Amino acid sequence: MAWAALLLSGEVDIMQVVLGVDLGTSAVKVSAVDQAGKIVAQQSKEYPLSQPEPGYSEQNPEDWVMGTTVAIKRLIEVDKIKPTDIKGISYSGQMHGLVLLDDHHQVLRPAILWNDTRTTQQCKEILDVMGKDFIKITRNVPLEGFTLPKLLWVKEHEPQIFEEAATFLLPKDYVRYRMTGKIAMEYSDAAGTVMLDEENRKWSSQIAEAFQLPMEIFPPLIESIGFAGKISETYASFSGLSTDTQVFGGAADNAAGAIGAGILNTSQVLSSIGTSGVVLKYEDNAKVDYQGALHFFNHAIPNKYYTMGVTLAAGYSLSWFKKRFSNDNSFTDFVNAAKKSTVGANGLLFTPYIVGERTPYPDGDIRGSFIGIDGTHRKEDFTRAVLEGIVFSFRDIMRIFAEKGSNFDTVVSIGGGAKSALWLQIQADIFNKKVVTLKNEQGPGLGAAMIAAVGVGWFGSLNECAERFVAYDQTYIPNAQNVKKYDELYNLYKKVYGQTAEISHGLMNYRREML
Ligand SMILES: Nc1ncnc2c1ncn2[C@@H]1O[C@H](COP(=O)(O)OP(=O)(O)O)[C@@H](O)[C@H]1O
Ligand SMILES: O=C(CO)[C@@H](O)[C@H](O)COP(=O)(O)O
């Protein structure tokens, strides 16, 4: 039912709202959402990222708390949302970041983030010590981005800090702790620590023993829609919120993004082109086994899962190219100029490995290429090659799904990739699948608000909530001629990694020697 009709029907109370806190890497965005699924107000606050050494990426957890508080205060003071009308709050969080706390719950060092790549050695050690058992328990291969290698890095390089650590949290779990005073980690995020026995939904004592991690440091686990407490007196006086507002677990940003996009059954796949890119598929149970070729994590819905592959530089590749070579154009004009090129960019291929890659090549040292540069190529061919290369990298992920016999008919596109009709058609043609967009595309923030909406009892389940909050907009159907051409080009694209890896690694070593 449309928003106005819902109001007239008296089925919803438009005064009541829930808040979805989307704790990203560059900023926190807090959305106030009413019972009809309408975003009535939104505030955000950016915070800095520190890169003290090559490959390091850290943030100060206090900045997340301050940013979230500023955004909430603005909702109350500028947008005039009454604190007593805020019935519930939940979260979507950047994944994997390690927040270490001492026994007074004080932060011991800056958080080490998902895009920090200092832990290659620790990932190797994890496999050396546990081999295939590790993948069997966590359903993932150890990658630099995940939390366990970060914990082992601290243990090895900062032993005094490790000694003082009483527990650890993930970014949004830390913010929730500061708002409620209660320590807990939520399942979909806990899966990304790669210390969780995913199928049995408990911390793995085998992993703890293998790496001499005391069991006491593992925080209690809660469900995404689980009640985490009410706003504490301290945080209420700090933020202006009411102590009656209920707080719920929340979810990892990709799980929350999937909920906000209505990915709640196995026939749909999410294609998210943000700074990084994600192809994500809902899984009904833990029986599917990709043997670590894709990430496999607990979903925000109890006992459900999702599989995903990550392209580290998706939208980032396009932004990089625009910034370096087309900075004076608007984003829309710059992307639309690629229409002047052809399917296959007049014979130019791009691989988007400009910050290394995760799926299907877990290789921090691979770098991107333009292949087939010809004297006749124009800037729009390069732009088109970048748009296509990003989508080819998503097809690499889809190929793994296909090899495992996973079937789906619809791809829901979100993020920057859903802003351009050209890019959406390229996705439909390269995937050879129907691609749809969302009417109310708010990404993980809406998913976070949906978790709170279910938590406070507005809906019986996330599926029920999605029926009201999520609606599809445009549909893009594959063009048979283009599909054929892209199939041919994809066969060439697939060869680029293998044939450029050695050269890329040599060039990375050259850069390191120059430091
Ligand atoms: N008008 C546009 N058309 C196509 N792509 C766009 C447009 N504007 C931005 N983008 C792409 O979207 C990406 C950002 O997507 P977004 O979902 O906002 O990412 P994030 O939340 O990670 O910052 C940018 O890196 C850029 O490549
Ligand atoms: O590492 C992963 C998933 O495994 C990333 O998806 C981060 O969770 C991204 O955070 P944002 O870019 O959305 O801040």
Side-chain angles (χ1 to χ4, degrees), residues 18-32 41-50 57-79 81 83 86 88-114 116 147 150 161 165-186 189 219-220 222 228-243 245-253 256 444-445 448-449 451-452:
V18 286
L19 301 189
V21 177
D22 174 10
L23 192 76
T25 312
S26 52
V28 58
K29 189 157 75 178
V30 184
S31 309
Q42 198 167 60
Q43 290 287 348
S44 66
K45 180 86 178 88
E46 292 191 352
Y47 29 70
L49 181 84
S50 134
S57 177
E58 300 186 340
Q59 271 175 336
N60 179 359
E62 201 56 37
D63 289 342
W64 302 327
V65 178
M66 289 311 293
T68 305
T69 311
V70 167
I72 290 174
K73 268 184 165 299
R74 286 184 188 150
L75 286 174
I76 296 171
E77 286 165 16
V78 180
D79 299 304
I81 307 256
I86 302 172
I89 299 183
S90 197
Y91 309 82
S92 152
Q94 51 161 303
M95 297 178 71
H96 316 301
L98 174 70
V99 185
L100 275 175
L101 303 181
D102 70 10
D103 53 4
H104 294 101
H105 298 161
Q106 296 298 309
V107 172
L108 282 163
R109 71 175 319 290
I112 308 180
L113 302 194
W114 64 278
D116 184 297
T147 322
K150 300 181 197 308
I161 289 183
T167 192
F168 67 96
L169 289 177
L170 296 168
K172 64 120 182 28
D173 297 314
Y174 178 70
V175 173
R176 192 183 56 243
Y177 156 66
R178 290 287 298 274
M179 292 170 74
T180 59
K182 300 207 165 47
I183 292 275
M185 191 180 289
E186 165 281 322
D189 237 359
I222 57 167
K230 286 191 175 178
I231 294 295
S232 68
E233 297 273 356
T234 321
Y235 192 71
S237 58
F238 187 47
S239 63
L241 284 170
S242 154
T243 51
T245 300
Q246 300 185 68
V247 180
F248 302 92
D253 55 4
I451 291 169

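Note that the structure is predicted; figures quoted are calculated from it, not measured.
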Would you mind reporting whether V99 and Y177 have side-chain heavy atoms less than 4.5 Å apart?
no
Worked verdict on I231 versus S242 for side-chain contact (heavy atoms from CB on, under 4.5 Å)
CA-CA 7 Å; I231 294 295; S242 154; over 6 Å; no
Can K172 and E186 be counted as an ion pair, charged N to O under 4.0 angstrom?
yes
Would you sort out whether I72 and F238 count as a side-chain contact (heavy atoms from CB on, under 4.5 Å), showing the intermediate values?
CA-CA 11 Å; I72 290 174; F238 187 47; over 6 Å; no
Does I86 reach the side chain of L75, with side-chain heavy atoms less than 4.5 Å apart?
no
Within the structure provided, determine whether T245 and L19 are in side-chain contact (heavy-atom separation under 4.5 Å).
no
Might you work through the side-chain contact (heavy atoms from CB on, under 4.5 Å) test for L241 and I89, ending with a clear yes or no?
CA-CA 11 Å; L241 284 170; I89 299 183; 3.7 Å; yes
For the NE2 atom of H96 and the CD1 atom of I112, what is their distance to the nearest 0.5 Å?
14.0 Å
Does the side chain of V18 reach to within under 4.5 Å of the side chain of S90, using non-hydrogen atoms?
no
Close side-chain approach of D253 and S92, heavy atoms under 4.5 Å
yes
Listed partners of R178 passing side chain to side chain contact (heavy atoms under 4.5 Å, CB included), at least two apart:
E62, V65, Y174
Heavy-atom side-chain contact between V30 and D22 under 4.5 Å:
no
Of all the heavy-atom pairs spanning M185 and L169, show the shortest one and how long it is.
CE-CA, 3.8 Å
For Q246 and G88, indicate whether the former's side chain and the latter's backbone hold a donor-acceptor pair under 3.5 Å.
no
Residues A251 and A256: closest non-hydrogen pair is CB-N, 4.0 Å
Worked verdict on Y47 versus N60 for side-chain contact (heavy atoms from CB on, under 4.5 Å)
CA-CA 9 Å; Y47 29 70; N60 179 359; over 6 Å; no
Within the distance-only criterion (no hydrogens, no angle test), does the side chain of Q43 pair as donor or acceptor with the backbone N or O of V70 below 3.5 angstrom?
no
Rounded distance [0.5 Å steps], CD1 in I183 versus CD1 in I222
11.0 Å
Heavy-atom pair of closest approach, residues P61 and V107
CG-CG1, 4.0 Å
Nearest 0.5 angstrom please: I81 CD1 to R74 CZ, how far?
14.5 Å
Once you round to the nearest 0.5 Å, how far does CG of L170 lie from CG of L23?
11.0 Å
The reported gap from CD in Q106 to CG in L101 (rounded to nearest 0.5 angstrom) is 8.5 Å
Shortest non-hydrogen contact from L113 toward T25:
CD1-CG2, 4.1 Å
Is K150 paired with D116 through a side-chain N to carboxylate O contact shorter than 4.0 Å?
no
Partner set under side chain to side chain contact (heavy atoms under 4.5 Å, CB included) for T243, not counting sequence neighbours:
E233, A236
Side chains of E58 and R109 in contact at under 4.5 Å (non-hydrogen atoms):
yes
Taking C-beta and beyond as the side chain, do V247 and Y91 meet within less than 4.5 Å on heavy atoms?
yes
Minimum heavy-atom distance V175-W64, with the two atoms named
CG2-CB, 3.7 Å
